[in-house]
2 protein chains.
Amino acid sequence: MNANHAQNASRIYTINELSEIYDITPRTLRHYEDMGLLSPERRGNQRLYRERDRVRLQLILRGRRLGFGLSEIQEMLNLYDADPTEVTQLQDVIRRGDVKLRELQSQVEELQTIMAEMTELRMTMQRRLEQILLRGE
Amino acid sequence: MNANHAQNASRIYTINELSEIYDITPRTLRHYEDMGLLSPERRGNQRLYRERDRVRLQLILRGRRLGFGLSEIQEMLNLYDADPTEVTQLQDVIRRGDVKLRELQSQVEELQTIMAEMTELRMTMQRRLEQILLRGE
DNA sequence: TCGCAAATTTCCGTTTACGTAAACGGCCAG
DNA sequence: CTGGCCGTTTACGTAAACGGAAATTTGCGA
């Protein structure tokens with residue numbers, strides 16, 4: 001029961017399994033590897049993806065949906081990989097993380113600006129529509 | 001005083017003025033025109049950008065910063081241009097606007113997920129840093 | 001009316017993020 | 001031992017969003 005317990009968490013995925021789970025092509029996974037975003041182990045020359053890789057992939061895809069470039073995503077991933085014994089690296093990660101956080105915050109604000117504009121537009125259209133429908137009665 | 005009053009709001013921009021204001025190249029403005037996102041008037045064949053064009057440009061650039069493609073941005077701009085007398089068009093605009101709004105909302109949520117993760121990471125790093133510094137004393 | 005700077009058009013080049021096809025290797029079932 | 005399937009590498013292709021340079025065209029001042 002103890003040996004079996006870890007089985008779920010340390011599951012290993014093939015490239016096809018992972019690509020199906022996240023609805024991307026194997027090519028995309030290999031591409032991310034070429035770009036240095038993932039580095040799965042190998043059995044022979046087959047790729048073996050662990051949980052760690054899967055989590056990183058989630059982050060990559062989330063970043064992609066938000067319009068970040070792969071190199072930008074790599075920067076963010078690097079924050080997670082810093083050597084936790086080097087003081088200067090830790091400080092650097094914190095600083096760069098803060099910068100990213102501010103960027104993200106301003107993105108949220110821009111999104112909310114757009115949403116407010118669209119909501120206003122929606123209300124205008126709605127009013128027009130109702131007036132036209134009322135006149136039609 | 002009355003004739004002068006509108007001057008500010010109906011200011012006319014050349015392509016170079018507008019490109020400098022928004023820190024983009026004239027080439028980019030022409031590109032947006034080729035893609036149908038802008039359609040400034042002409043004096044001869046010089047482009048004359050009005051307030052309307054400037055506002056549209058702002059929306060375009062904002063969308064671009066958020067990772068939207070130009071065709072997607074065009075869809076959003078079209079929402080602003082719909083014929084406000086046609087009932088079916090109004091209904092269509094409202095529907096498509098609602099879809100967009102939901103997409104935007106989920107983007108905001110994903111951004112906030114990333115921000116939460118980074119904040120957590122930051123706290124972890126901060127603790128590690130402090131522990132190392134304390135041991136150093 | 002001439003000339004020249006400024007703006008325009010045209011076309012090819014570039015980057016990013018993969019798609020796609022070709023050719024090959026390993027392994028297991030029949 | 002031969003498909004068939006999964007996986008790999010290599011290499012060229014492509015769509016989007018411009019950049020850059022060359023070759024006009026236009027407008028305006030001397």
Side-chain angles (χ1 to χ4, degrees), chain A residues 11-50 53-54 56-78 100 103 107 110 114, chain B residues 11-50 53-54 56-78 100 103 107 110 114:
Chain A
R11 175 159 178 219
I12 285 177
Y13 305 87
T14 71
I15 194 168
N16 278 313
E17 285 170 353
L18 207 55
S19 69
E20 279 166 29
I21 292 174
Y22 289 101
D23 195 31
I24 57 181
T25 69
R27 172 68 232 250
T28 300
L29 283 168
R30 296 191 189 104
H31 183 58
Y32 291 161
E33 187 172 343
D34 288 346
M35 300 294 103
L37 298 181
L38 292 174
S39 35
E41 294 163 31
R42 301 288 179 118
R43 175 173 55 202
N45 70 358
Q46 270 199 241
R47 293 166 172 82
L48 298 181
Y49 296 87
R50 301 280 182 86
D53 301 306
R54 199 184 58 76
R56 284 175 76 91
L57 178 58
Q58 275 191 335
L59 289 173
I60 294 169
L61 296 178
R62 193 175 290 144
R64 220 192 40 174
R65 280 194 294 274
L66 298 171
F68 294 105
L70 292 190
S71 61
E72 229 173 331
I73 292 174
Q74 192 171 24
E75 285 179 36
M76 297 175 64
L77 286 174
N78 287 343
K100 270 292 170 224
E103 287 175 17
Q107 281 215 26
E110 286 196 289
I114 289 187
Chain B
R11 168 147 186 228
I12 286 178
Y13 305 86
T14 72
I15 193 169
N16 278 314
E17 283 170 354
L18 207 55
S19 69
E20 280 166 28
I21 291 175
Y22 290 100
D23 195 32
I24 55 182
T25 68
R27 175 72 177 86
T28 300
L29 283 168
R30 294 190 189 104
H31 184 58
Y32 291 161
E33 187 171 345
D34 288 346
M35 300 295 103
L37 298 181
L38 292 174
S39 35
E41 293 163 31
R42 302 286 179 118
R43 175 173 56 201
N45 70 358
Q46 269 198 243
R47 292 165 173 82
L48 299 180
Y49 295 87
R50 300 281 181 87
D53 301 305
R54 199 183 58 75
R56 284 175 76 91
L57 178 58
Q58 274 191 336
L59 287 173
I60 294 168
L61 296 177
R62 191 174 292 148
R64 223 192 39 175
R65 279 194 296 274
L66 298 172
F68 294 103
L70 294 189
S71 61
E72 229 172 332
I73 292 173
Q74 192 172 23
E75 284 179 37
M76 296 173 63
L77 287 174
N78 287 343
K100 275 287 170 227
E103 287 173 16
Q107 281 215 25
E110 287 199 286
I114 288 189

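In what follows, every chain begins at residue 1, and chains take the letters A, B, ... in the order their sequences are listed. Both backbone and side-chain heavy atoms feed into the values below; hydrogens, waters and symmetry mates do not.
Counting heavy atoms of neighbouring residues, nucleotides and ligands inside a 6.0 Å radius, atom CG of B:Asp34 exceeds 12 of them. Environment of CZ in B:Arg50: sparse, with no more than 12 heavy atoms of neighbouring residues, nucleotides or ligands closer than 6.0 Å.
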Under 3.5 Å, side-chain donor or acceptor atoms of residues 68-75 of chain B against the rest of the protein: list the pairs with distances, not counting sequence neighbours.
residue: B:Glu72; atom: OE1; partner: B:Gly69; partner atom: N; Å: 3.4
residue: B:Gln74; atom: NE2; partner: B:Met35; partner atom: O; Å: 3.4

Base versus backbone protein contacts along nucleotides 22-30 of chain D [heavy-atom cut-off under 4.0 Å; B, S, -]: ----SS---

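Take A:Arg42 and apply the salt bridge (charged side-chain N to carboxylate O under 4.0 Å, His left out) test, not counting sequence neighbours, and it matches A:Glu33. Residues that satisfy the side chain to side chain contact (heavy atoms under 4.5 Å, CB included) test with A:Ser39, not counting sequence neighbours, are absent from this structure. For the salt bridge (charged side-chain N to carboxylate O under 4.0 Å, His left out) test, no residue two or more places apart in sequence or in another chain qualifies with B:Arg64. Residues passing the side chain to side chain contact (heavy atoms under 4.5 Å, CB included) test with B:Arg30 are B:Ile15, B:Pro26, B:Arg47, sequence neighbours excluded. Looking at residues two or more places apart in sequence or on another chain, you find no salt bridge (charged side-chain N to carboxylate O under 4.0 Å, His left out) involving B:Arg27. For A:Glu20, the salt bridge (charged side-chain N to carboxylate O under 4.0 Å, His left out) test picks out no residue, with sequence neighbours left out.
At a non-hydrogen distance threshold of 4.0 Å, nothing from residues 57-75 of chain B comes into contact with DNA chain C. Proximity of residues 24-34 of chain A to DNA chain C (heavy atom under 4.0 angstrom from any strand atom) is restricted to A:Thr25, A:Arg27, A:Thr28, A:His31, A:Tyr32.
In this structure, B:Ser19 and B:Thr25 approach most closely via the heavy-atom pair CB-C, 3.9 Å.
Annotation: the span from A:Glu110 atom CD to B:Leu66 atom CG amounts to 5.5 Å, rounded to 0.5 Å. Between B:Leu18 atom CG and B:Ile12 atom CD1 the span is 12.0 Å, to the nearest 0.5 Å. Separation of atoms CG (A:Leu38) and OH (A:Tyr49) is listed at 6.5 Å; rounding is to 0.5 Å. Separation of atoms CG (B:Leu48) and CG (B:Asp53) is listed at 9.5 Å; rounding is to 0.5 Å.
Axis deviation across the helix from C:dT1-D:dA30 to C:dG30-D:dC1 amounts to 20°, comparing end segments of five pairs, rounded to 10 degrees.
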Trace of the side chain to side chain contact (heavy atoms under 4.5 Å, CB included) decision for A:Ile114 with B:Arg62: CA-CA 8 Å; A:Ile114 289 187; B:Arg62 191 174 292 148; 3.5 Å; yes

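Taking a heavy-atom distance under 4.0 Å as the criterion, the stretch of DNA chain C touched by chain A extends 5' to 3' from C:dA17 to C:dT20.
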